[in-house]
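Predicted, not measured: the structure shown is a model, and the values here were computed from it.
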Amino acid sequence: EATTAQLAQLRDQAIVAGRDTAFSASDAATAQTELAKAGVSLQDIMSGGLTGSLSLAAAGQLDLGRAAEIASAAMNTWKLSGDQTTRIADTLAAGANKSATDVEQLGQAITQGGLAASNLNIGMEDTVGVLSMFAQRGLQGSDAGTSLKTMLQRLVPQSEEAAKAMDAMGLSFFDSNGKFVGLGEASGRLQAALAPLTEEQRALALNTIFGA
């Protein structure tokens, strides 16, 4: 629990934020609370967690509470410290600005698919990049995150039929040590494996490996 001195520091931080930003001290205190509820340490809140949430709220036109939720979700998913919240804000803002999505939808997508990406050592920037490309194809929000999670899970065959299809195509997404080759390499391998197939064969192969 926070000590009296720490509470005073948080109060002072909220007051300064209310003075120096477009948000009120009450808004800043709400963001501090949301960050703490998500497991962000007091030290991380003080060292950048709140500042990053303010930046994210401004970039995404979100209320501070929601911005803090999104920032803390990214921090927890990729095990980032509070001083990385400005990086989180910049990444999400860039993804939203360069595609047909917004920060709120990217936050929803990260909630659904971020952990699957992190488990394969896919970084935040690469994940947001993929989600932004999904958005350009009309796949946004939680649907995009769920699709990403499903796709990543099925890089390892989920059925005998999928395993046979991948073997027939000479397709593997992991190296000899069982490490994921990365999104760029995986995409290239898939493209090369599909290239000789007819449209019908391609559709069947994709459905067999990745499902609906």
Checklist entry - Which is it for I88 and I70 under the side-chain contact (heavy atoms from CB on, under 4.5 Å) test, yes or no, and what are the steps along the way? => result CA-CA 9 Å; I88 294 168; I70 293 173; 5.6 Å; no
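- With D44 contributing its side chain and V40 its backbone, the two residues share no donor-acceptor pair below 3.5 Å.
- Residues that satisfy the side chain to side chain donor-acceptor pair (under 3.5 Å) test with Q32, not counting sequence neighbours, are Q13.
- Put simply, the side chain of Q136 gets close to the backbone of A100: a donor and an acceptor are under 3.5 Å apart.
- Within the structure, salt bridge (charged side-chain N to carboxylate O under 4.0 Å, His left out) pairs that include any residue of residues 12-36 comprise E34-K37 (at least two apart or interchain).
- Here OG of S99 is found 8.0 Å from CD of Q140. Values are rounded to the nearest 0.5 Å.
- Under the salt bridge (charged side-chain N to carboxylate O under 4.0 Å, His left out) criterion, R189 pairs with E185, not counting sequence neighbours.
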For residues 120-130, which side-chain donor-acceptor pairs fall under 3.5 Å, sequence neighbours excluded?
from	atom 1	to	atom 2	distance (Å)
E125	OE1	R87	NH2	3.1
E125	OE2	R87	NE	2.7
E125	OE2	R87	NH2	3.4
T127	OG1	G123	O	2.8

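- Residues passing the side chain to side chain donor-acceptor pair (under 3.5 Å) test with E200, sequence neighbours excluded: none.
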Next on the checklist: Using the rule given for side-chain contact (heavy atoms from CB on, under 4.5 Å), can you reason through L171 versus I209, listing the C-alpha separation, both sets of side-chain angles and the distance that settles it, and then say yes or no?
Outcome noted: CA-CA 10 Å; L171 193 57; I209 296 170; 4.2 Å; yes
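- Legend: residues meeting side chain to side chain donor-acceptor pair (under 3.5 Å) with D102, ordered by chain and number and at least two apart, are absent.
- Under the side chain to side chain contact (heavy atoms under 4.5 Å, CB included) criterion, L204 pairs with T208, not counting sequence neighbours.
- The list of salt bridge (charged side-chain N to carboxylate O under 4.0 Å, His left out) pairs with a residue in residues 55-82, not counting sequence neighbours, reads R66-E69, R66-E104.
- Checked against side chain to side chain contact (heavy atoms under 4.5 Å, CB included), Q158 has the following partners two or more places apart in sequence or in another chain: R154, V156.
- In the model, Q105 has a side-chain atom that pairs as donor or acceptor with a side-chain atom of T101 under 3.5 Å.
- Under a 3.5 Å cut-off, the side chain of T51 and the backbone N or O of S47 do not form any donor-acceptor pair.
- To the nearest 0.5 Å, the span separating OG on S72 from CG on L80 amounts to 11.5 Å.
- Between L155 and F210, the closest side-chain pair of non-hydrogen atoms falls below 4.5 Å.
- Using a 4.5 Å heavy-atom threshold, the side chains of L56 and S53 count as separate.
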Would you give me the side-chain donor-acceptor pairs under 3.5 Å for residues 173-184, sequence neighbours excluded?
from	atom 1	to	atom 2	distance (Å)
D175	OD1	N177	N	2.8
D175	OD1	G178	N	3.1
D175	OD1	K179	N	2.9

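- Atom CG in L35 sits 9.5 Å away from atom CG in L64 (nearest 0.5 Å).
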Identify all side-chain donor-acceptor contacts of residues 142-151 below 3.5 Å with residues at least two apart in sequence or on another chain.
from	atom 1	to	atom 2	distance (Å)
T146	OG1	S142	O	3.0
S147	OG	D143	O	2.9
T150	OG1	T146	O	3.0

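- The side chain to side chain donor-acceptor pair (under 3.5 Å) check on Q201 picks up T198, with sequence neighbours excluded.
- Side-chain atoms of M75 and Q84, non-hydrogen and from C-beta on, never get closer than 4.5 Å to each other.
- Considering only heavy atoms from C-beta on, T21 stays 4.5 Å or farther from V16 through its side chain.
- Checking side-chain atoms of N97 against main-chain N and O of A93 turns up a donor-acceptor pair under 3.5 Å.
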